[in-house]
Amino acid sequence: KKLQSSIRNYFTAK
Amino acid sequence: MFEARLGQATILKKILDAIKDLLNEGTFDCSDSGIQLQAMDNSHVSLVSLTLRSDGFDKFRCDRNLSMGMNLGSMAKILKCANNEDNVTIKAQDNADTVTIMFESANQEKVSDYGMKLMNLDQEHLGIPETDYSCVVRMPAMEFARICRDLAQFSESVVICCTKEGVKFSASGDVGTANIKLAQTGNVDKEEEAVIIEMQEPVTLTFACRYLNAFTKATPLSTQVQLSMCADVPLVVEYRINELGHIRYYLAPKIED
C-alpha cells in the first residue's frame with residue numbers, strides 16, 4: 001500500500 | 001496604482017478554470033515583472049504556481065508591489081459575466097481593499113465593471129529547489145488529459161514509468177489492469193502532436209489520479225504539456241500560456257508505507 005506524501009516534505013517555507 | 005489589461009477575457013477564464021478546483025482562494029503577487037500566484041491545495045498534496053509576465057499583457061502598470069488575496073469562486077462569478085472576446089482590465093489602487101475588473105466589448109459599446117473585496121490571506125510561500133530531472137516528457141495536452149481520465153476508472157493511483165523507449169502510464173484495481181504506452185514520435189509534421197522524451201535515467205513514480213485530473217483543467221491553455229520527473233521528488237506538470245507565461249503544478253508522489 002502506498003501512502004500520499006505531502007508537498008511540504010519536499011519544499012521549504014520561504 | 002496597478003493596472004493590467006488583456007485583449008481577450010477568454011485567457012483569464014481559462015486560467016481561472018485551471019486553478020479553481022484546487023484552490024478556493026489565492027494571492028496574486030503583482031510587481032513590474034508581472035503577476036505570480038503560488039498556493040498549495042487544501043490537503044497540501046499539490047502546489048500551483050502561476051506566472052504571467054508583464055510583457056504578455058496589452059498594458060501593464062504596477063507602481064508598487066501589491067499582493068491581492070482573492071476568493072477564486074467570486075472571481076469566477078465575475079469572469080462569467082465577460083464575453084470571450086472582451087478586453088479585460090484588472091485595476092487596484094495602492095493599499096486598496098478592493099479590486100476592479102472591467103470588461104469592454106470589442107466595439108467599446110458595452111463597458112462593465114465589477115468590484116471585488118480583497119482578502120488578507122496568510123499563505124505561506126514555499127521555496128522550490130532547482131532540480132535536475134531524470135526524465136522530461138513533452139506530449140499533447142489533450143492526450144495527457146485523456147490518459148488521466150481513462151486510468152482514473154481503474155485506480156486511485158497511476159504509475160508513470162519513463163524509459164528511453166517511451167513513457168508508460170499504468171493503473172490496476174478491482175476492474176483489472178490498464179497500461180498505456182506512448183513511444184517517442186519519429187518524424188512529426190506538427191510540433192503540437194509530438195511526444196518527446198529527454199531521459200537521463202529511467203524513473204518510476206506513483207501519483208494520485210485525482211490531482212492529475214485536476215491539473216488537466218489547464219488543457220485549454222496549451223497544446224502541449226510537459227511532465228518533469230525525478231525519483232522521490234514531486235512531479236511537475238507544466239502548461240505554457242502562449243506569450244504570457246505558464247502554470248506549473250507540483251504533485252507529491254505516493255510513497256511506500
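Each chain gets a letter, A, B and so on, in the order its sequence line appears, and its residues count up from 1.
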Heavy atoms from other residues, nucleotides or ligands near [atom1] of [X] exceed 12 (cutoff 6.0 Å):
X        : atom1 : result
B:Met116 : CE    : yes
B:Arg53  : CZ    : yes
B:Asp55  : CG    : yes

Using heavy-atom distances under 4.5 Å, tell me whether [X] contacts chain A through its side chain, its backbone, both, or neither.
X        : result
B:Glu124 : side chain
B:Asp232 : backbone
B:Thr206 : side chain

On a heavy-atom basis, which atom in [X] and which in [Y] lie closest, and how many Å separate them?
X        : Y        : answer
B:Ile255 : A:Ser5   : CD1-CB, 3.9 Å
B:Val45  : A:Ile7   : O-CB, 3.4 Å
A:Gln4   : B:Pro253 : NE2-O, 3.6 Å

Centroid-to-centroid, A:Phe11 to B:Tyr250, below 6.0 Å?
yes
Rounding to 0.5 Å, atoms CG (B:Asp257) and CG (A:Leu3) come to a distance of 4.0 Å
B:Leu205 side, atom CG; A:Lys2 side, atom NZ - distance, nearest 0.5 Å:
8.0 Å
